[in-house]
Amino acid sequence: MKRPLIRKKQHVGIRAKLVCSLILFTMFVLISIWLLQIRLLTYFYERAKFDELDEAYESIVAHFGDADFDEQLDAVAQSKGICVRVFVISDGVGKQLSSAEAGSDCMIHHISRELVSDLYAQAKANDGRYDKRMEFDAELPEDEGFRFPGLHRPSDITSAICVRIATVDGAEYCVLLDSELTPLSATVNTLKVQFLWTALLLLVAALLFALLLYRIIATPLTAITHKAHKLAAGDYTADFEGFGYREVEELADTLNFAAREISATDHLQKELIANISHDLRTPLTMIKGYSEIMRDLPGENNAENAQIIIDETTRLSELVSDLLDLSKLRAGTKKPELEVFDISALTGETMQRYEALIKHSGYQIAFESEGKALVLADRTMILQVVYNLINNAVNYTGESLRVRVSLTKREGVVRLAVADEGAGIAPDVIDQIWERYYRVDKVHNRAVIGTGLGLSIVKSVLEAHGAAYGVDSALGVGSIFWFELPLVQEDTAQ
Ligand code: ADP
């Protein structure tokens with residue numbers, strides 16, 4: 001039957017999500033680049049300049065008092081490309097001690113004494129340190145601006161000025177350091193153009209990459225979805241592939257497993273319906289047929305025909321009650337009602353049911369027991385198990401007609417074994433005989449006695465008790481069906 005596919009609300013597809021995510025990521029990268037490379041370029045550049053001046057100051061301080069201080073100062077100024085002026089302060093009055101110039105457009109060599117005093121005062125008020133970014137036109141009085149030789153556009157100059165105050169051997173020094181700040185506008189403009197191209201290229205690459213990723217991810221998913229639709233439509237042959245990706249491989253394995261399980265369940269369901277209908281219909285047909293014969297033909301109204309009707313009715317009610325038991329056991333609605341009883345006595349009682357069979361049909365059913373064996377279990381259920389196992393042994397023992405039931409005790413458990421000398425069970429089907437309606441002999445004929453549910457009930461009952469069970473069988477030799485239950489000590493039982 002073709003099941004309608006219920007379509008849920010349409011969600012955003014993987015492709016759209018991938019494209020959006022990658023574009024967002026690219027935007028984040030671009031914004032970071034723009035901020036750090038373009039927006040904050042001047043800030044980082046100036047920070048580096050001030051750090052450089054600081055380093056230079058440290059080197060200068062180390063040479064205070066040296067005889068060759070002037071040469072050292074000059075060396076520092078030349079190597080760093082900066083200008084320095086050193087003042088010694090006594091009684092609040094500064095006197096230039098030394099000076100070095102690396103370039104001609106130096107600002108600190110051209111400013112007035114007042115401005116120097118002002119810078120000194122700022123440093124003094126700030127723990128001996130003062131950093132200043134000084135622009136020519138904004139900061140300097142007009143007359144000071146004209147002291148710059150060779151400058152036509154004074155605003156071209158911006159400097160990083162560091163003022164430091166140091167006290168060495170009781171003397172106070174003021175050091176003025178100056179490094180010209182190169183205008184970065186041209187560099188920033190170049191970077192902006194570059195940034196535009198980079199942004200464009202990155203966005204296109206992100207788009208292409210997202211589409212490529214989508215193909216890689218979506219191809220296996222689309223294939224799996226396609227096959228899953230086939231599976232949903234009842235085609236259990238669908239073989240899911242993993243395309244070499246671990247996660248998809250796991251999904252494919254799960255789906256393959258589900259497909260196998262659904263197929264097996266479907267198969268079982270069909271078989272079950274076929275078998276049940278067959279099993280129910282056959283006795284009903286017989287009952288109906290024989291009843292009609294007995295009604296219509298007075299000569300046939302005999303005990304023999306009545307017995308057939310009774311047998312078929314019994315068979316029918318057995319089948320129905322077996323089916324009921326099994327359904328309840330499997331659904332978990334029937335739970336074992338535990339009581340302590342002697343399983344040896346129970347088996348002995350069961351054997352009595354076979355007396356007529358032994359007397360009239362020549363069966364030899366031996367029962368060997370090691371004596372009283374108390375167990376804690378559901379008496380009725382265990383009786384059903386013993387009965388089913390002996391019944392099967394009788395049905396399948398073949399021409400030898402011999403069945404041996406034995407009860408042995410060891411290490412706190414009692415083991416009940418039912419052995420026959422029948423055809424045995426082939427190793428390849430031995431695990432399946434416990435399944436519902438499984439028959440080694442696939443031909444579902446009347447000659448086969450039993451409902452096909454016996455071992456399935458045995459399995460369900462024993463599993464509900466947590467008991468060990470199994471079968472040892474050899475083709476042409478026979479089978480031994482067995483199960484074990486823990487023994488209960490007599491004093492504990494009371
Ligand atoms: P059935 O009503 O057919 O006996 P069971 O569930 O009791 O159903 O058994 C399932 C199948 O297991 C049987 O059809 C038979 O093929 C196999 N089987 C069960 N008991 C024996 C046995 N003692 N010897 C050989 N085959 C057996």
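Every number for a ligand or one of its atoms is a count from 1 in the order of the listing. Please read these numbers as outputs of a predicted model, since none were measured by experiment. Numbering of residues begins at 1 and proceeds along the displayed sequence.
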Run the contact test for G422 against ligand 1 with a 4.0 Å cut-off on heavy atoms, strictly below, and give the result. no
Atom indices of ligand 1, in the order listed, that fall short of 4.0 Å to a heavy atom of I425: 25 (C), 26 (N), 27 (C)
Pick, from L455, V458, T397, the option with the minimum heavy-atom distance to atom 6 (O) of ligand 1. L455
N or O pair under 3.5 Å between G424 and ligand 1: no
How are the rings of W34 and F195 set to each other: parallel, tilted or perpendicular (split at 30° and 60°)? tilted
So, are E370 and K409 salt-bridged, with charged N and O less than 4.0 Å apart? no
Going by the 4.0 angstrom heavy-atom rule, the piece of I433 near ligand 1 is both
Does R164 come within less than 4.0 Å of D54, counting only side-chain N to carboxylate O? yes
With heavy atoms of D420 as the reference, note each atom of ligand 1 found under 4.0 Å away. 22 (C), 23 (N), 24 (N)
What closest approach, in Å, do I82 and L53 show between heavy atoms, and which atom pair accounts for it? CG2-CD2, 3.7 Å
I'd like to know if the side chain of Y245 and the backbone of I217 have a donor-acceptor N/O pair within less than 3.5 Å. no
Salt bridge (charged side-chain N to carboxylate O under 4.0 Å, His left out), that's the test. Do R402 and E421 meet it? Break it down for me. CA-CA 6 Å; R402 268 199 296 270; E421 296 176 7; 3.2 Å; yes
Name the option, out of L389, N392, I390, that contains the heavy atom nearest to atom 19 (C) of ligand 1. N392
Test side-chain contact (heavy atoms from CB on, under 4.5 Å) applied to V403 and Y354, step by step: CA-CA 11 Å; V403 172; Y354 294 93; over 6 Å; no
Going by the order shown, which atoms of ligand 1 are within less than 4.0 Å of some heavy atom of G454? 5 (P), 6 (O), 7 (O)
Within less than 4.0 angstrom of ligand 1, does F481 place any heavy atom? yes
Check each atom of ligand 1 against the heavy atoms of S479 and keep those under 4.0 Å away; list them by number with element. 24 (N)
